[in-house]
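Worksheet: one structure, shown below.
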Amino acid sequence: MNSESYSSTQQFAESRYEGYRFYTETIEVTRMSALAFFEAGRDGHAGKRMYWQNREKTFTLVGLGHAHVLTSDAAQGRFQNIKVDWKSLCRQIVNEEHAVQPVLFGGFSFDPLNDKESEWTNFPQAYFAVPTFQLILKGEQAYVSIHLITEQHESFAEFEALRKERDKLIHAAQVSEVDKYDKPQAIGHLELRKEEYLHSIQQVTDTIKAEEVEKVVIARALKLEFDEKLSPTAALYQVSNEQPESFLFGLEAEEQFFFGATPERLVKVEDKKALSTCLAGSTPRGKTVEKDTELGNALLADPKNRGEHQYVVNMISEVFEAYCSQASVPKLPKLMKIRDIQHLFTPVEGNLNPGATLFDLVEALHPTPALGGEPKLEAMEMIREYEALNRGYYAAPVGWIDAKGDGEFAVAIRSALLDGKEAYLYAGGGIVADSTPQSEYDETWVKFRPMLRALGGQLSDES
Ligand SMILES: C=C(O[C@@H]1C=C(C(=O)O)C=C[C@H]1O)C(=O)O
Ligand SMILES: [Mg+2]
């Protein structure tokens, strides 16, 4: 790879491999609004935009356009397909000396074997892309990269044209007035298959009491209707305001947009250090400090929720024992308090074994018993049989990996799919022997709240 640096803040690289030419260039820019950069791509890159911000707000990624797309519809092996394709591609585009690396962003479906009719018409079983224009906000720094991967031999003119478009996108974002986007207003509000959901809780608890499984997560969906197609930028802006203590993600696939604000990290790998989160067991926040503390302490002491949580701790610990050294897991959970809800929370960390990768951990962890159940395969079978929906990308891994192998995936809960003038919202809960249909139904309403407020939906009068 012949690379030269034009200046301290402009890094360019070109390489050739098997008839392809790879151009990447990164420039450091003054900080700008990530949402404004995302919005700047609305016309030129509609259907090919990506958004990610970590919980700590120390890392934000925006992608506009697709320089390269990796998909898989394999029922088995989709994680390894994406891993192998990415490994062969990033060998060509990694630039050890560059300030930031090319990033692959996307997500996986929850269950390729779920063949129920679905609203997820534009999403394959695995869907990732290297963006043509990549904005990374890291700490106080801001970088914009261009990626061009082409079979054309005379392609530098195409790259020069991308440089011009990059400068226009940066200008549009930097002069963007305010980061304020109107709140949508739902005109219709439908609980999909509510009675089937309530009946499924009873069926699952009966099966658990018959000792055929120990835990199964069952989810349900709401459908909101609007009088106009929603803006993905406005949706991201509103949901990040409703639940700031979360990962923020957005993934366009043609006309559809999947997004959310999730508190749940699946796994992060940085400099060979791996981190995960056990999050299961829930109760609402209290309206006063005293009530909130009382509810939190009751959650910590509640056998049903502690049992629900322990399945997740056991499974993630086993995965970390297998793929990491020096895995560390606190003996007792703490409380993760976010705006509407508080969860039992146990962080897990370890040092990645040589040869193990982020995608290996994503595959081994998905789904944790917080989203699937225990035992995993039996719980997945019961979800297919009793859950009255096709989850699509809800509750599945969404995230990014760079060309050096660092990256982070979250679990795509507290999320919604925008589809024209409709939005599908998803929420579920861990069903164990002591679950009741009403208590789990109430728990899903609490989980729906941030997205319902963000989209101008009505909160249940029961919640
Ligand atoms: C399944 C969801 O949440 C998961 C289930 C939880 C529970 O049952 O207590 C808590 C956090 C999440 O791991 C959801 O939000 O849809
Ligand atoms: Mg629960």
Side-chain angles (χ1 to χ4, degrees), residues 110-111 197 200-201 204-205 208 214-222 239 242-243 245-247 249 258 260-267 276-285 295-296 298-300 302-313 315-316 333-348 365-374 379-380 383 387 389 391-398 409-417 424-452 463:
F110 182 81
D111 179 8
Y197 163 80
S200 70
I201 307 294
V204 168
T205 47
I208 291 170
E214 298 175 59
K215 170 180 180 181
V216 182
V217 175
I218 296 292
R220 68 189 186 100
L222 299 181
V239 79
E242 293 299 336
Q243 191 171 284
E245 329 87 325
S246 298
F247 295 91
F249 66 88
F258 180 50
T262 174
E264 189 159 351
R265 166 183 288 145
L266 183 66
V267 60
S276 184
T277 294
C278 310
L279 199 72
S282 309
T283 195
R285 296 296 304 273
L295 288 167
L299 179 65
L300 285 165
D302 176 55
K304 183 258 184 188
N305 279 285
R306 288 294 294 273
E308 204 179 312
H309 184 78
Q310 193 57 42
Y311 290 117
V312 185
V313 172
M315 184 262 195
I316 294 182
K334 294 180 181 161
L335 292 173
M336 179 188 284
K337 290 178 181 276
I338 52 184
R339 176 168 169 182
D340 297 277
I341 195 167
Q342 45 194 322
H343 294 302
L344 297 177
F345 160 66
T346 301
V348 178
L365 288 166
H366 176 71
T368 75
L371 294 310
E374 183 62 40
M380 292 292 278
I383 292 169
E387 190 172 76
L389 71 101
R391 294 188 181 185
Y393 279 41
Y394 156 72
V398 62
F409 278 77
V411 174
I413 55 176
R414 319 292 147 92
S415 54
L417 175 72
Y424 294 86
L425 286 62
Y426 307 94
I431 311 308
V432 291
D434 297 345
S435 291
T436 65
Q438 188 60 46
S439 65
E440 300 298 339
Y441 176 75
D442 293 345
E443 185 172 309
T444 58
W445 271 123
V446 179
K447 291 168 176 175
F448 278 129
R449 278 187 202 156
M451 191 60 80
L452 275 171
S463 65

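Values below: all heavy atoms of this structure, side chains included; hydrogens, waters and symmetry mates excluded. Order of appearance sets the numbers: ligands from 1, and atoms from 1 within every ligand.
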Parallel, tilted or perpendicular: rings of Y426 and Y424 (30°, 60°): parallel

Which of the ligand 1 atoms, numbered from 1, are nearer than 4.0 Å to a heavy atom of G281: 7 (C), 9 (O)

Atoms in ligand 1 flagged as close to A370, the criterion being non-hydrogen separation under 4.0 Å: 4 (C), 5 (C), 13 (O)

Pair F258 + Y394: ring centers closer than 6.0 Å: no

Distance flag, aromatic centroids of F345 and H309, threshold under 6.0 Å: no

Proximal ligand 1 atoms for G429, defined as those under 4.0 Å from one of its heavy atoms: 8 (O)

R414 with E245: basic N within carboxylate O range, under 4.0 Å: no

Salt bridge (Lys or Arg N to Asp or Glu O under 4.0 Å) between D434 and K304, worked out: CA-CA 6 Å; D434 297 345; K304 183 258 184 188; over 6 Å; no

Step-by-step side chain to side chain contact (heavy atoms under 4.5 Å, CB included) determination, F249 to T262: CA-CA 8 Å; F249 66 88; T262 174; 3.9 Å; yes

Atom 5 (C) of ligand 1: the protein heavy-atom neighbour that sits closest, reported with distance to 0.1 Å: K447 NZ, 3.4 Å

From F345, Y394, F448, Y426 - option closest to atom 14 (C) of ligand 1 by heavy atom: Y394

Atoms in ligand 1 with a heavy atom of L279 nearer than 4.0 Å: 11 (C), 12 (C), 13 (O)

Residue A427 vicinity, atoms of ligand 1 by number, heavy atom under 4.0 Å: 16 (O)

Backbone or side-chain N or O of L371 under 3.5 Å from ligand 1 N or O: no

Numbered atoms and elements of ligand 1 in range of H343, under 4.0 angstrom, heavy atoms: 10 (C), 11 (C)

Proximal heteroatom of E308 relative to the Mg ion (ligand 2) (N/O/S): OE2

Geometric N/O contact N305 with ligand 1, under 3.5 angstrom: no

For S282, atoms of ligand 1 separated by under 4.0 Å from a heavy atom: 6 (C), 7 (C), 9 (O), 10 (C)

Intermediate values then yes/no, side chain to side chain contact (heavy atoms under 4.5 Å, CB included), Y197 and T444: CA-CA 11 Å; Y197 163 80; T444 58; 3.6 Å; yes

N/O/S atom name from E443 that is nearest to the position of the Mg ion (ligand 2): OE2

Contacting atoms of ligand 1, where contact means under 4.0 angstrom from a heavy atom of E443: 7 (C), 8 (O), 9 (O)

Pairwise distance NZ(K447) to CG(L425) - rounded to 0.5 angstrom: 14.0 Å

Derivation and outcome, side chain to side chain contact (heavy atoms under 4.5 Å, CB included), residues L365 and S276: CA-CA 9 Å; L365 288 166; S276 184; 4.2 Å; yes

